Student: 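Have a look at this one before I ask anything.
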Amino acid sequence: MSQRPFRPKQSLGQNFLKDENVARKIVGALAPSPEDTVVEIGPGFGVLTAHTLPLAKRVVGVEIDRHLSATLQQRYGGHDNFELITGDFLKMDLLSLFAPDSKVRVLGNIPYHITSPVIFKVLEVREHVQDMVMMIQREVAERIVASPGCKQYGILSVFSQLHSVPKIAFHVSRNVFNPKPDVDSSVVRWDFSRAPELDIRDHDLLRTVIRASFNQRRKMLRKSLQQLPGFRPKMEKIEFDFTRRPEDLSVQEFVDLSNRISE
Amino acid sequence: MLIETHAHLYFDRFDEDRDAVIERAFDRGVLKIINIATDLDSSRRCIELAEQHDGLFATVGIHPNDAAKMDTATLDTLRELSRNPLVVAIGEIGMDFYWDTCPPAVQEQAFRAQIQLAKETGLPIVIHNREAASEILRILKSEGADGLAGVFHCFSEDRKVAQEVLELGFHISFTGNLTFKKSQLPGVADMIPLDRLLLETDCPFLSPEPRRGRRNEPAHVIYIAEKLAEIKGVPVSDIAETTTANAVRLFGLGEQGTV
């Protein structure tokens with residue numbers, strides 16, 4: 001194989017982590033144990049893979065870039081517990097990657113333009129995921145963990161907190177990447193195993209309520225929700241303060257409201 | 001409720017107070033803001049901003065004045081970036097014969113490549129036209145305007161060009177230039193059917209009356225709506241409702257948030 005230097009592909013938005021200590025800290029935030037399967041999204045040069053392989057039972061890397069994939073295969077193909085899939089994570093049938101009887105751990109350091117689609121994709125299969133550790137832009141991390149009443153509290157916060165307990169593990173300076181991106185980063189851990197115990201009667205309805213509410217976040221819920229087909233008569237029968245605004249409702253309150261509308 | 005379909009909030013002129021500008025727009029009845037890119041860097045910035053704030057959306061694209069930067073790698077990057085669901089259009093793209101920054105043939109090639117990208121991704125286009133209307137119309141026709149939707153932003157042509165644009169099925173939007181005292185544009189705006197109009201500011205440029213001469217911002221989109229209401233002889237609420245529905249339909253703004 002040729003040893004020509006690899007240039008980050010602008011088209012894939014690649015910014016590579018070049019600091020080993022940060023890499024170790026990120027894997028430490030996931031802390032895989034010998035019985036765990038780790039699905040790593042976008043291993044790149046394998047800087048996280050190297051620290052994960054000695055700890056986990058199995059590491060499944062999903063890499064979209066063929067050249068990187070070849071390099072990864074060369075470097076880590078010799079490890080019995082490493083498995084590599086070349087392809088687009090967003091287009092994959094995730095359940096086919098997972099063993100039916102155990103929950104996987106998800107790890108990712110991916111281009112920032114694709115982070116929220118990836119988060120939503122993992123949320124869809126949350127029953128099969130124990131937790132997820134991902135490095136994302138700091139402002140987005142702050143939105144994910146924001147509490148009701150905060151400026152940053154929005155649709156990302158509600159959907160993340162509905163199904164997991166998200167926490168910022170630590171912040172990462174933009175200087176540890178090559179090339180240097182124009183935003184700072186944070187490492188976030190979504191703990192699905194500690195998802196709040198919520199009695200959600202109708203998941204589709206709940207999604208509709210949350211999305212419609214935040215679609216016009218400055219408006220009172222009365223305004224945003226009464227436009228939805230069939231909602232108005234139901235809203236009239238419920239005792240609820242519809243003059244409230246979506247940014248003040250906790251996740252539990254969204255669930256209660258949606259359950260009562262479903263009755 | 002209004003939709004600001006053309007802002008450049010990533011400009012450093014907003015560095016000091018960007019969050020306050022966004023809050024002010026939402027406080028004054030703006031429902032959504034689309035930030036429009038002009039090159040690769042700003043395409044990324046538009047996406048970052050959209051990820052940071054509910055109600056913000058992004059476009060990706062290379063402005064005709066930057067058309068020299070267009071190559072296969074750039075096009076691949078635009079395609080990759082457009083996978084983010086908050087990207088709602090390719091733009092701003094087109095032709096500019098006012099600024100002599102890039103040869104027409106180079107501009108045309110970049111424009112055509114991005115029209116193809118729009119067709120491939122199913123996204124509408126945001127067209128920048130400066131003294132190049134006949135060229136743009138020729139290119140759109142030869143690329144096949146069917147299966148292509150979009151808007152002629154900052155419209156400043158005459159009724160004849162407007163008629164051709166409407167026949168191609170495109171939308172038209174006016175900026176602060178509609179409100180200027182000597183503007184001829186009200187005579188053009190009155191012929192555009194309500195269902196083809198969008199609202200925009202093009203901020204930080206082109207502040208409308210009575211804000212002329214100061215930095216423009218999305219909250220000022222209300223002045224454009226008021227002027228259109230005056231020209232059309234309808235209540236501002238009609239302009240707001242129709243242009244909002246047009247923007248939602250054209251840019252697919254109801255469908256984001258993939259959960």
Side-chain angles (χ1 to χ4, degrees), chain A residues 7 9-15 64 88 90-91 111-124 126 136-144 151-160 162-163 181-183 203-204 206-208 210-219 223-224 246-247, chain B residues 1-3 10 12 15 18-20 22-32 37 40-58 60 69 71-87 241 244-245 248 253-259:
Chain A
R7 276 184 61 235
K9 258 205 203 71
Q10 200 190 28
S11 72
L12 296 177
Q14 293 167 335
N15 297 93
I64 192 170
D88 184 349
L90 288 177
K91 293 189 182 142
Y112 289 166
H113 70 271
I114 218 78
T115 37
S116 48
V118 166
I119 294 167
F120 286 133
K121 174 113 178 156
V122 173
L123 285 177
E124 279 170 26
R126 59 191 173 267
I136 63 182
Q137 65 158 311
R138 184 172 301 179
E139 286 85 351
V140 177
E142 283 162 357
R143 294 184 65 194
I144 284 168
K151 237 171 67 179
Q152 287 107 325
Y153 185 72
I155 202 156
L156 264 180
S157 336
V158 175
F159 279 120
S160 282
L162 198 52
H163 302 304
D182 49 13
V183 288
H203 281 268
D204 288 339
L206 176 61
R207 268 199 292 270
T208 306
I210 295 169
R211 287 175 62 170
S213 301
F214 282 105
N215 201 17
Q216 310 189 37
R217 63 180 294 145
R218 293 309 160 89
K219 291 219 168 169
K223 281 246 174 196
S224 312
E247 62 259 39
Chain B
M1 282 301 196
L2 309 164
I3 296 187
Y10 50 83
D12 51 14
D15 280 357
R18 187 170 289 110
D19 286 359
I22 293 169
E23 291 299 303
R24 191 150 56 229
F26 291 145
D27 285 339
R28 302 208 182 143
V30 174
L31 183 59
K32 294 169 195 295
L40 273 189
D41 273 348
S42 56
S43 298
R44 290 200 185 88
R45 286 292 293 141
C46 287
I47 296 175
E48 280 162 17
L49 285 171
E51 294 272 2
Q52 289 167 13
H53 302 268
D54 282 334
L56 265 58
F57 296 87
V60 299
K69 294 182 193 163
D71 55 20
T72 319
T74 303
L75 196 62
D76 286 346
T77 307
L78 293 176
R79 183 180 293 110
E80 171 64 26
L81 293 174
S82 72
R83 294 171 65 203
N84 186 301
L86 297 167
V87 174
E241 202 175 302
T244 294
V248 166
L253 298 181
E255 296 150 25
Q256 274 73 24
T258 27
V259 185

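Predicted, not measured: the structure shown is a model, and the values here were computed from it. In what follows, every chain begins at residue 1, and chains take the letters A, B, ... in the order their sequences are listed.
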Student: Do A:E139 and B:E48 come within less than 4.5 Å of each other through their side chains, counting heavy atoms only?
Tutor: no
Student: Checking heavy atoms, do the side chain of A:D204, its backbone, both or neither come under 4.5 Å from chain B?
Tutor: neither
Student: Quick one: which of A:D88, A:V140, A:T115 has the most heavy-atom pairs under 4.5 Å with chain B, could you say?
Tutor: A:D88
Student: Counting only non-hydrogen atoms closer than 4.5 Å, does B:A50 touch chain A with its backbone (N, CA, C, O), its side chain (CB onward), both, or neither?
Tutor: backbone
Student: For A:P117 and B:N84, which heavy atoms make the closest approach, and how far apart are they?
Tutor: CD-ND2, 4.3 Å
Student: Less than 4.5 Å apart, side chain to side chain, heavy atoms only: is that true for B:D19 and A:K151?
Tutor: yes
Student: Considering only heavy atoms and a distance below 4.5 Å, find which of B:L75, B:D54, B:L78, B:I47 pairs most often with chain A.
Tutor: B:D54
Student: Heavy-atom distances under 4.5 Å only: say whether B:R79 touches chain A with side chain, backbone, both or neither.
Tutor: neither
Student: With the side chain counted from C-beta on, respond yes when A:I114 and B:E80 share a heavy-atom pair under 4.5 Å apart, and no when they do not.
Tutor: yes
Student: Measure from the side-chain N and O atoms of A:R143 to the backbone N and O of B:E51, and report whether any donor-acceptor pair falls under 3.5 Å.
Tutor: yes
Student: Can you confirm whether A:K223 is buried at NZ, in the sense that more than 12 heavy atoms of other residues, nucleotides or ligands lie under 6.0 Å from that atom?
Tutor: no
Student: Just so I know, are the side chains of B:E23 and A:R218 near enough to count as touching, which here means a heavy-atom distance under 4.5 Å?
Tutor: yes
